[in-house]
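Throughout, protein chains are lettered first and strands after them, A, B, ... in sequence-line order, and every chain is numbered starting at 1.
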Amino acid sequence: MAEPSRDAQQIPRGSKACRRLFGPVDSEQLRRDCDALMAGCVQEARERWNFDFVTETPLEGDFAWERVWGLGLPKLYLPPGPRDDLGGGKRPSPSPALLQGTGQEDHLDLSLSCTLMPHAPERPEGSPGAPGTSQGRKRRQTSMTDFYHSKRRLIFSKRKP
Amino acid sequence: MELLCCEVDPVRRAVPDANLLYDDRVLQNLLTIEERYLPQCSYFKCVQKDIQPYMRRMVATWMLEVCEEQKCEEEVFPLAMNYLDRFLAGVPTPKTHLQLLGAVCMFLASKLKETIPLTAEKLCIYTDNSIKPQELLEWELVVLGKLKWNLAAVTPHDFIEHILRKLPQPSEKLSLIRKHAQTFIALCATDFKFAMYPPSMIATGSVGAAICGLQQDEDVSSLTGDALVDLLAKITNTDVVGGRHLLG
């Protein structure tokens, strides 16, 4: 038996499942709606993380952002270079900040990275789950914000007005 | 004489994990979290202006045909319908986008559940090339964003084995019951009436309907009517009225 492959699962000739359900699709409208919805997602993320993901700029808010250096992640985890194999060119381009790493063979020294940490050791109450010291810095599953170092700011003035 | 069957299933599967299936905590946890993945509202009333219930049925039927023709894992179709319903519960969508949305949802569900997922190109062919792979990929991101990347939804299939192992059925009958229950689950997913039901209830009703249906063929009935419903209700804490609705 050859190696299993879905490609072997060809679409049968004249398959009646190949059909258009609701008439012609307006590519222009698809594009506009896609852009509008994506813009909404970006805006949501911007408010959630007080970070502008388009220009890679931290904004005012609950999170304090700072750069961290040299986590030595495998290249695999970096966005690909200016590769445009799908011909679209309208995808959100990888942020320039992510590409500043100095290229080596397999690993890049990232100029930006992220772990979620408490701002200061003098945290008032015990906060379970939060690594307390810098030794406790853990590598977590990467997410949108993982290339920055974010910390929740402690704002005492707001707590006791 | 021993017969050799050369038609080996090309898809490699892990053996059932006893730690997952024979521990009631797993079932309890599934019951606890399943509500999180239900669509937030009955969207034909409150969100959608253009899309009508019959259009959902059209796109669902098409998706089921594609999944069957491509021999997708059983969970792919109900999971894709879960994504579709959750998206439509939040985003007003014109009907011309509905087939693209269905294709995106199958694309995502297949990637989550299968070792060799459906390709974007193949899905586009199934739309009679009314959409392009590039559009599919762009909308994939949109859908992911709207679902908050929360793709590991609980489906009725997650409950099937937990229910089956508690039934006093001879093991040789189980595979047939399982198969019929899976068919009922797929049918429920095509019908919007069941979109807001918790997956455990769909699973309970589907297993019940499978057993009832099979019992009509033979006179061996270890469990009948009320006793069956009561037992099923106990397993998944399903309220009996809801379960009966499905069985009916």
Side-chain angles (χ1 to χ4, degrees), chain A residues 1-49 53 79-80 83-94 141-146, chain B residues 6-12 50-51 55 58-59 61-72 87 91-100 102 110 114-135 137-139 141-146 148-149:
Chain A
M1 188 99 202
E3 79 178 70
S5 158
R6 219 343 136 35
D7 287 340
Q9 199 69 48
Q10 287 300 332
I11 300 174
R13 194 178 286 271
S15 162
K16 71 179 179 62
C18 293
R19 61 179 191 266
R20 207 170 279 223
L21 298 179
F22 304 104
V25 177
D26 182 351
S27 290
E28 273 308 303
Q29 200 196 347
L30 270 186
R31 147 89 24 236
R32 280 195 305 273
D33 290 357
C34 181
D35 288 347
L37 286 167
M38 277 313 280
C41 288
V42 169
Q43 182 61 28
E44 221 170 83
R46 181 188 157 105
E47 281 159 20
R48 168 77 180 81
W49 296 103
F53 290 93
R83 177 174 71 96
D84 213 357
D85 48 357
L86 283 159
K90 280 211 71 180
R91 301 209 122 199
S93 55
Q141 175 69 15
T142 50
S143 76
M144 203 184 216
T145 50
D146 276 3
Chain B
C6 295
E7 278 186 41
V8 181
D9 189 352
V11 179
R12 288 178 186 275
D50 198 18
I51 296 177
M55 296 173 189
M58 277 172 75
V59 78
T61 307
W62 169 72
M63 288 163 70
L64 184 56
E65 281 173 51
V66 172
C67 286
E68 282 179 348
E69 196 164 286
Q70 289 297 311
K71 300 190 167 47
C72 291
F87 184 87
V91 185
T93 307
K95 70 166 189 275
T96 48
H97 294 11
L98 195 52
Q99 192 171 16
L100 166 63
S110 173
E114 303 196 276
T115 44
I116 307 161
L118 297 168
T119 62
E121 289 75 16
K122 196 172 267 180
L123 284 165
C124 288
I125 295 172
Y126 273 116
T127 69
D128 194 23
N129 295 306
S130 60
I131 55 168
K132 299 182 201 69
Q134 173 67 23
E135 289 166 339
L137 296 184
E138 283 166 0
W139 276 83
L141 271 184
V142 171
V143 174
L144 281 168
K146 289 295 167 190
K148 307 236 184 293
W149 293 75

- prompt: Out of B:Thr61, B:Thr93, B:Ile125, which one racks up the most heavy-atom pairs below 4.5 Å with chain A?
  reply: B:Ile125
- request: Quick one: pull up CD in A:Glu28 and CG in A:Asp33 and give me the separation to the nearest 0.5 Å.
  value: 11.0 Å
- request: Flag yes if more than 12 heavy atoms outside B:Lys146 fall under 6.0 Å of its NZ atom; otherwise flag no.
  value: yes
field: chain B interface, residue from A:Gly23, A:Pro12, A:Gly40 that has the most non-hydrogen pairs under 4.5 Å
entry: A:Pro12
query: CD of A:Gln10 to CD of B:Gln70: how many Å apart, nearest 0.5 Å?
result: 8.5 Å
- prompt: How would you list, by chain and number, every residue that makes a side-chain contact (heavy atoms from CB on, under 4.5 Å) with B:Asp50, sequence neighbours excluded?
  reply: B:Pro94, B:Lys95
Proximal component of A:Pro24, with respect to chain B [non-hydrogen, under 4.5 Å]: backbone
- request: Let me know if B:Val91 has heavy atoms under 4.5 Å from chain A in its side chain, its backbone, both or neither.
  value: side chain
- prompt: Measuring heavy-atom distances to chain B, does A:Gln29 have an atom under 4.5 Å in its side chain, in its backbone, in both, or in neither?
  reply: both
message: How long is the straight-line distance from CG of A:Leu21 back to CE of B:Met58, given to the nearest 0.5 Å?
response: 5.0 Å
Heavy-atom pair count under 4.5 Å with chain A, highest-scoring of B:Gly102, B:Gly145, B:Ser130: B:Ser130
